[in-house]
2 protein chains.
Amino acid sequence: MVAYATAGWTALGDPTRRAIFEQLLEGPLAVGELAEYLPVSRPAVSQHLKVLKAAGLVIDRQAGKHRIYRVEPDGLVALRADLDRFWNKTLAAYKAVVEEDTKES
Amino acid sequence: MVAYATAGWTALGDPTRRAIFEQLLEGPLAVGELAEYLPVSRPAVSQHLKVLKAAGLVIDRQAGKHRIYRVEPDGLVALRADLDRFWNKTLAAYKAVVEEDTKES
DNA sequence: CAATATCGTAAGCGTACGCTTACACGTTAG
DNA sequence: CTAACGTGTAAGCGTACGCTTACGATATTG
């Protein structure tokens, strides 16, 4: 199994979703509050939250009339797995390049 | 400074670019060879490589008629910095949640 | 029960963007 | 010098997708 955080990469590929996610890193917020920090409408935030939730990056909780969103580690774990794999393979490639350069003298 | 790998996130946000990048993780390739692994045309690959290069994720080297692309660590370093920040803040948020739950008994 | 608040979703629109075809440029070979 | 190969880029097209407005659903309040 190679494991891909396809949904995660796609989710954080959008600038507005990154902004939403970064804001939630500062603490849980309701959708309406979240929208105040952003230059887009509340429904737009709702739609982005749906994507972030599907990627396991946020989780929501009903609190009276409000729906509180907060960050969740699951999606980040998958992204870290991918990124670590990228990193290790990149280093291996670099090592190969260095050895190749050393060989020719 | 907060540092954002904006270009990196956007670059790897596209599935085709991720496929290109993953292929390059297996070793350096020319544009034409790279295109053989993918369901898109060679010019499309060229355009994606331009984006990946701007994000510091790949680097190119002229080799005769061919132009060899290979992965580069710079872009990954920036992504790792962002992801580590996400991770730390997420853990801190979780810690706060646990303490809050412990308080109420 | 009516009224208000908070939110999700449907519908529709506009634009960014990923793709292809055609062409231009540089390099190598004959 | 011509021909052929490998590639980048311009032009154009089609569609995915991010956004807004309008509406429906649920939960609290009076």
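Both backbone and side-chain heavy atoms feed into the values below; hydrogens, waters and symmetry mates do not.
Atom CZ in B:Arg61 sits roughly 16 Å away from atom P in D:dG6 (whole-Å rounding). Spacing between atom NZ of A:Lys65 and atom C1' of D:dT26 amounts to 11 Å, rounded to whole angstrom units. Between B:Leu52 atom CG and D:dG8 atom P the separation is 12 Å, expressed in whole Å.
With C:dC7, C:dT9, C:dG18 as the candidates, the nucleotide lying closest to the side chain of A:Pro43 is C:dT9. Residue B:Val31 has its side chain nearest to D:dT7 when only D:dT7, C:dC7, D:dC19 are considered.
Minimum heavy-atom separation, B:Arg18 to B:Leu12: NH1-O, 2.8 Å.
A:Gln62 comes within contact range of no nucleotide atom at all, as no heavy-atom separation falls under 4.0 Å.
Salt bridge absent: B:Glu33 and B:Arg42 never bring a charged side-chain N and a carboxylate O closer than 4.0 Å.
The phosphate of C:dC7 has neither OP1 nor OP2 within less than 4.0 Å of any side-chain N or O from A:Arg42. Not one side-chain nitrogen or oxygen of B:Ser46 sits closer than 4.0 Å to the OP1 or OP2 atom of D:dT7. At D:dC19, none of the side-chain N or O atoms of A:Ser41 fall inside 4.0 Å of OP1 or OP2 (strictly under the cut-off). For the pair B:Tyr69 and D:dG8, the criterion of a side-chain N or O lying under 4.0 Å from OP1 or OP2 is met. Taking 4.0 angstrom as the limit, A:Arg17 places a side-chain polar atom (N or O) nearer than this to OP1 or OP2 of D:dG18.
The CG atom of A:Leu83 sits 6.5 Å away from atom CZ of B:Arg80, with the distance rounded to the nearest 0.5 Å.
A perpendicular orientation is assigned to the rings of A:Phe21 and B:Phe86, their planes being inclined by more than 60° (bins at 30° and 60°).
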